[in-house]
Protein chains: 2
Amino acid sequence: MKTSKKRSDCPINRSLEIWGDKWSLLIIRDLMFKKQCTYGDFLKSEEKIATNILASRLLVLEENDLITKLDHPDSKAKVLYQLTEKGIELFPVIVEISLWAEKYYEVPEERKLVLEKAKQNKAAFIEKGIRKMKEGL
Amino acid sequence: MKTSKKRSDCPINRSLEIWGDKWSLLIIRDLMFKKQCTYGDFLKSEEKIATNILASRLLVLEENDLITKLDHPDSKAKVLYQLTEKGIELFPVIVEISLWAEKYYEVPEERKLVLEKAKQNKAAFIEKGIRKMKEGL
DNA sequence: AAATTTACTTGCATTTTGCAAGTAATTAAT
DNA sequence: ATTAATTACTTGCAAAATGCAAGTAAATTT
C-alpha cells in the first residue's frame, strides 16, 4: 500500500482521501444494514463489486480504522467484518446522502419507509441508529 | 460522454455514481463557501486539481444539475459556476462529512469556529445555510 | 479422500487520473 | 491598432486504478 500524499487538512478532503470512491460507502452501507458481513456477503450486494477491488477497499477501510476483522464463530474459513466506532459515526453521512438522493431519484420501495422515519425526526433517528450499532461493539 | 450503466437504485449508490470520487465534493464545497466560482477559482484551491479533471467533473456535475454556468457580468472571457437547488441540498451531507472528519482528524484552525456553530444547533445551522444559498438563485 | 466453500490473489485489458503543454476567444496594455 | 495576458478549456501521453476472469490455499463438507 502506498502512502498517498495529503492534499489538504480540509475535513471534506480528508474524508474523500479515505472513502472518496464509488465503492467504499457501499461497503459501509452494507455493514450498517447487516452489522456483520463476510467477504462473500459483500460480493452478493446488488452492485457487484469485483473481488480484487473489494479486497483493496476493505484493506484501506481497515487501515483507517473504519472497519475491523473478527473471527467467525462458526468457521475458521470465514471472516467477519464489522464497523468500528469511527465507521459507525459515518451513519449521519449515510443518512443525509440517502435523503438527498431520495429527493431527486427513484428509491427502492422497501427503503421508503425507513427514509420517512428518518425525516420525521432526523436527530432521534440518527442517535438511535448509532446507539444500536454501538451495542454490537 | 458515455452513459454509465446504473448499478442499483440504492440512494447511496445513485449518489456515488454522480459525485463518488476524490474531487466532485471539493468543487461543491468551494461553491458552498464562495457562492460563485470561475474556472480559475477552482484551480486555486489548496488541493490542486488538474485542469482536465476539473473540466470533466464540472461537466458531470452540470449534466446532473448540481451546478450551472452563468455569464460573468464583467467579462465574456470568464464563466461563473454556481450551485443549483439540487446542489445546495447537498449542504447537509457536506456538514455531516465535516463533522465526522473533525472528530478524527486535524482541522484547519479557521474552520473550527464554524464547526462549533454547526454542532451547537445542527438543524438550525443547516437550514440557515441552505436558505442563504438559495437567496442567490 | 475428494469436492466444495471461503477469502482472497494474479494477470491482463480497459478506463481514469495526472501532468505538461497547447489553443481559441476575450481583455488589457502599449 | 497590435501585442501581450487572461481565461477556459483541450490534447497527448504516462501512470495509476478499475474490472474481469481465472487461480490458489486453507478450511469445511461430503
Side-chain angles (χ1 to χ4, degrees), chain A residues 1-8 12-13 16-27 30-31 34 36-64 67-82, chain B residues 1-8 12-13 16-27 30-31 34 36-64 67-82:
Chain A
M1 211 61 216
K2 67 189 39 168
T3 62
S4 52
K5 54 179 174 290
K6 194 163 62 176
R7 300 182 300 184
S8 86
I12 303 295
N13 181 57
L16 294 177
E17 282 178 353
I18 297 169
W19 46 259
D21 66 88
K22 298 233 182 297
W23 294 108
S24 296
L25 283 187
L26 296 178
I27 292 172
D30 285 351
L31 286 170
K34 306 184 41 187
Q36 295 183 322
C37 292
T38 63
Y39 194 86
D41 287 334
F42 293 118
L43 292 175
K44 280 177 216 141
S45 286
E46 203 182 347
E47 293 88 4
K48 298 284 162 250
I49 189 170
T51 83
N52 55 339
I53 309 294
L54 176 59
S56 84
R57 293 298 125 203
L58 286 172
L59 184 61
V60 171
L61 293 175
E62 197 191 353
E63 286 173 341
N64 287 280
I67 64 176
T68 35
K69 282 185 183 193
L70 292 161
D71 293 341
H72 191 106
D74 302 353
S75 159
K76 280 180 194 164
K78 295 183 182 176
V79 178
L80 278 179
Y81 288 92
Q82 73 171 20
Chain B
M1 210 61 214
K2 66 189 41 170
T3 61
S4 52
K5 54 181 174 289
K6 194 163 60 176
R7 299 182 299 185
S8 86
I12 303 294
N13 182 57
L16 294 177
E17 282 178 352
I18 297 169
W19 48 258
D21 66 89
K22 297 231 182 298
W23 295 107
S24 296
L25 283 187
L26 296 178
I27 293 172
D30 285 350
L31 286 170
K34 306 186 38 186
Q36 296 182 322
C37 292
T38 63
Y39 194 85
D41 288 335
F42 292 118
L43 292 176
K44 278 177 220 143
S45 286
E46 201 182 348
E47 293 87 4
K48 298 285 162 247
I49 189 170
T51 85
N52 56 339
I53 308 295
L54 175 59
S56 85
R57 294 297 124 205
L58 287 172
L59 184 62
V60 171
L61 293 176
E62 197 191 354
E63 285 173 342
N64 287 281
I67 64 175
T68 35
K69 283 185 182 191
L70 291 157
D71 293 341
H72 192 106
D74 302 351
S75 158
K76 281 181 194 164
K78 294 183 183 176
V79 178
L80 278 180
Y81 288 91
Q82 74 171 20

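This structure is a prediction, so every number in the text was calculated from the model and none was measured. Every chain is numbered from 1, with letters handed out A, B, ... down the list of sequences.
Judged purely by atom type and a 3.5 angstrom limit, Ser45(A) has no side-chain atom pairing as donor or acceptor with the backbone of Glu47(A). For the pair Asn13(B) (side chain) and Ser8(B) (backbone), a donor-acceptor distance under 3.5 Å is present. Tyr39(A) contributes no side-chain N or O that, together with a main-chain N or O of Tyr81(A), makes up a donor-acceptor pair within less than 3.5 Å. Side chain of Lys48(B) to backbone of Lys44(B): a donor-acceptor contact under 3.5 angstrom is found.
Distance Ile27(A) CD1 to dC8(C) P: 12 Å, rounded to the nearest Å. dT18(D) atom P lies 9 Å from atom CD1 of Ile49(A), rounded to whole Å. If you take NZ of Lys44(B) and P of dT6(D), they are 12 Å apart, rounded to a whole angstrom. Across the protein-nucleic acid pair, Leu54(B) atom CG and dT10(D) atom C1' stand 13 Å apart, rounded to whole Å. Whole-Å rounding puts the Glu17(B) CD to dT18(D) C1' distance at 15 Å. Protein atom CZ of Phe42(A) is 18 Å distant from nucleotide atom C1' of dT5(C), rounded to whole Å. If you measure from atom CG of Leu43(A) to atom P of dC8(C), you get 10 Å, rounded to the nearest angstrom. We find that CG of Leu58(A) is positioned 16 Å from P of dT6(C), with the value rounded to whole Å.
Nearest to the side chain of Tyr39(A), among dC9(D), dC20(D), dC8(C), sits dC8(C). When distances are taken from the side chain of Ile53(A) to each of dT9(C), dT18(D), dT11(D), the shortest belongs to dT18(D). Checked against dA21(C), dC19(C), dA8(D), the side chain of Val79(B) finds its nearest nucleotide in dA8(D). For Asn52(A), taking side-chain heavy atoms from C-beta onward, the closest of the listed nucleotides dA21(D), dG19(D), dA7(C) is dG19(D). Closest approach to the Trp23(B) side chain among dA8(D), dG18(C), dA7(C) is made by dG18(C) (side chain taken as heavy atoms from C-beta onward).
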Discussion item. If you apply the rule side chain to side chain contact (heavy atoms under 4.5 Å, CB included), what do you find for Trp19(A) with Val60(A), and how did you get there?
Written reply: CA-CA 8 Å; Trp19(A) 46 259; Val60(A) 171; over 6 Å; no
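No engagement by Lys48(A) is indicated, since no non-hydrogen atom pair under 4.0 Å with the nucleic acid exists. Nucleic acid contact for Tyr81(B): sugar-phosphate only, since backbone atoms but no base atoms lie under 4.0 Å from a heavy atom of the residue.
Surrounding CG of Asp71(A) are at most 12 heavy atoms belonging to other residues, nucleotides or ligands under 6.0 Å away.
For Ser56(A) against dT18(D), a side-chain-to-base donor-acceptor contact under 3.5 Å is absent.
OP1 or OP2 of dT18(D) has at least one side-chain nitrogen or oxygen of Arg57(A) nearer than 4.0 Å. Taking side-chain N and O atoms only, Lys22(A) has no distance below 4.0 Å to OP1 or OP2 of dT15(C).
Taking all atoms of both residues into account, the shortest heavy-atom contact from Leu43(B) to Ile49(B) is CD2-O, 3.6 Å. Here the closest heavy-atom approach between residue Ile27(A) and residue Leu54(A) is recorded as CD1-CD1, 3.8 Å.
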Atom pairs under 3.5 Å, N or O on each side, protein against nucleotides 26-30 of chain D: can you list them with distances?
residue : atom : partner  : partner atom : Å
dA27(D) : O3'  : Ala77(A) : N            : 3.4
dT28(D) : OP1  : Ser75(A) : OG           : 3.4
dT28(D) : OP1  : Lys76(A) : N            : 2.4

